[in-house]
Amino acid sequence: LSREDFQRIPELAINPLGDRIINAFFPEGEDQVNFRGFMRTLAHFRPIEDNEKSKDQNGPEPLNSRSNKLHFAFRLYDLDKDDKISRDELLQVLRMMVGVNISDEQLGSIADRTIQEADQDGDSAISFAEFVKVLEKVDVEQKMSIRFLH
């Protein structure tokens, strides 16, 4: 599949983060994704069943684990892939999400407040550990799950 194939999906075309989601399917520098790569990315959104929570602890962590779902979400915000979400990155994603409905001043205030609340080490950015801490009470498993078949 190519990026254009994904852009033809109406739900992605109208999603403010559609381009970020589409980019998640493609390995760095690649313009096409094969079936295996497509399924690996989609697997992040598979619901976690109760019987999966008690699986082999020594095996590899499943792609749909809470930790992997959080890493996937974090990468949507970490635009420059430096393992931190800066104020500018947060602003860019907020702009994508709200468009022109909120002034730049209001968006800046939201970004500043978000970083102030999440930043524990004082570097004016949000690390993955800080991101996880902010979302510790959020039901990520439910919010980042898509049921394809019933």
Side-chain angles (χ1 to χ4, degrees), residues 1-49 52-53 60-148:
L1 296 171
S2 69
R3 291 178 193 277
E4 292 76 28
D5 294 325
F6 283 91
Q7 290 165 342
R8 284 191 214 100
I9 300 170
E11 292 82 359
L12 280 175
I14 62 168
N15 187 315
L17 294 178
D19 284 339
R20 298 293 308 145
I21 294 167
I22 291 168
N23 285 339
F25 281 90
F26 294 89
E28 190 69 37
E30 297 287 323
D31 287 329
Q32 292 192 327
V33 63
N34 62 19
F35 183 73
R36 179 182 290 271
F38 174 76
M39 293 308 294
R40 280 188 63 79
T41 301
L42 215 52
H44 289 92
F45 296 96
R46 193 170 142 250
I48 298 174
E49 305 299 333
E52 288 180 280
K53 293 177 184 171
E61 189 173 13
L63 290 170
N64 65 332
S65 69
R66 178 179 177 82
S67 175
N68 280 327
K69 286 177 185 282
L70 287 168
H71 267 103
F72 185 91
F74 183 82
R75 288 190 299 266
L76 292 179
Y77 288 87
D78 184 16
L79 304 176
D80 64 5
K81 298 178 180 147
D82 68 348
D83 295 326
K84 292 186 180 273
I85 301 169
S86 68
R87 179 183 188 274
D88 286 342
E89 288 170 317
L90 190 53
L91 270 174
Q92 284 182 57
V93 174
L94 286 170
R95 267 193 207 101
M96 288 177 211
M97 293 169 67
V98 300
V100 294
N101 298 327
I102 297 180
S103 72
D104 281 347
E105 187 177 307
Q106 290 170 313
L107 283 177
S109 177
I110 292 168
D112 290 338
R113 195 168 56 245
T114 301
I115 289 183
Q116 181 182 6
E117 290 175 12
D119 182 24
Q120 296 176 334
D121 61 9
D123 66 350
S124 298
I126 302 170
S127 67
F128 179 68
E130 293 164 339
F131 185 79
V132 169
K133 180 84 173 137
V134 167
L135 295 174
E136 69 185 349
K137 291 183 173 67
V138 175
D139 187 0
V140 173
E141 293 89 343
Q142 181 66 34
K143 292 189 181 306
M144 285 189 66
S145 292
I146 302 169
R147 295 201 182 277
F148 296 100

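Numbers here simply count residues along the sequence, with the first being 1. This is a predicted model, so every value here is computed, not measured.
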- Item | Residue pair M144 / L70, side-chain heavy-atom distance below 4.5 Å | no
- Message: Using every non-hydrogen atom in the two residues, find where D80 and D82 come nearest and quote the distance to one decimal.
- Response: OD1-OD1, 2.8 Å
- Query: Going by heavy atoms in the side chains, are V93 and E89 under 4.5 Å from each other?
  - Reply: no
- Query: Could you go step by step and tell me if Y77 and L90 meet the side chain to side chain contact (heavy atoms under 4.5 Å, CB included) rule?
  - Reply: CA-CA 7 Å; Y77 288 87; L90 190 53; 4.1 Å; yes
- Task: Answer yes when D104 and R95 have at least one side-chain N-carboxylate O distance shorter than 4.0 Å, and no when they do not.
- Result: yes
- Message: Using 30° and 60° as the class boundaries, would you call the ring planes of F25 and F38 parallel, tilted or perpendicular?
- Response: parallel
- Query: Does some side-chain heavy atom of E61 sit less than 4.5 Å from a side-chain heavy atom of N68?
  - Reply: yes
- Message: Does this structure show an ion pair linking E136 with K133, if we count only N-O contacts that are shorter than 4.0 Å?
- Response: yes
- Output, in order, the C-alpha distance, side-chain angles, deciding distance and verdict of side chain to side chain contact (heavy atoms under 4.5 Å, CB included) for K69 and R66. CA-CA 5 Å; K69 286 177 185 282; R66 178 179 177 82; 5.7 Å; no
- Kindly indicate, with the supporting measurements, whether the criterion side chain to side chain contact (heavy atoms under 4.5 Å, CB included) is fulfilled by V33 and R3. CA-CA 9 Å; V33 63; R3 291 178 193 277; over 6 Å; no
- Message: For V98 and Q106: C-alpha separation, side-chain torsions, deciding distance, then whether side chain to side chain contact (heavy atoms under 4.5 Å, CB included) applies.
- Response: CA-CA 11 Å; V98 300; Q106 290 170 313; over 6 Å; no
- Does a donor on one side chain sit under 3.5 Å from an acceptor on the other, for S2 and D5? yes
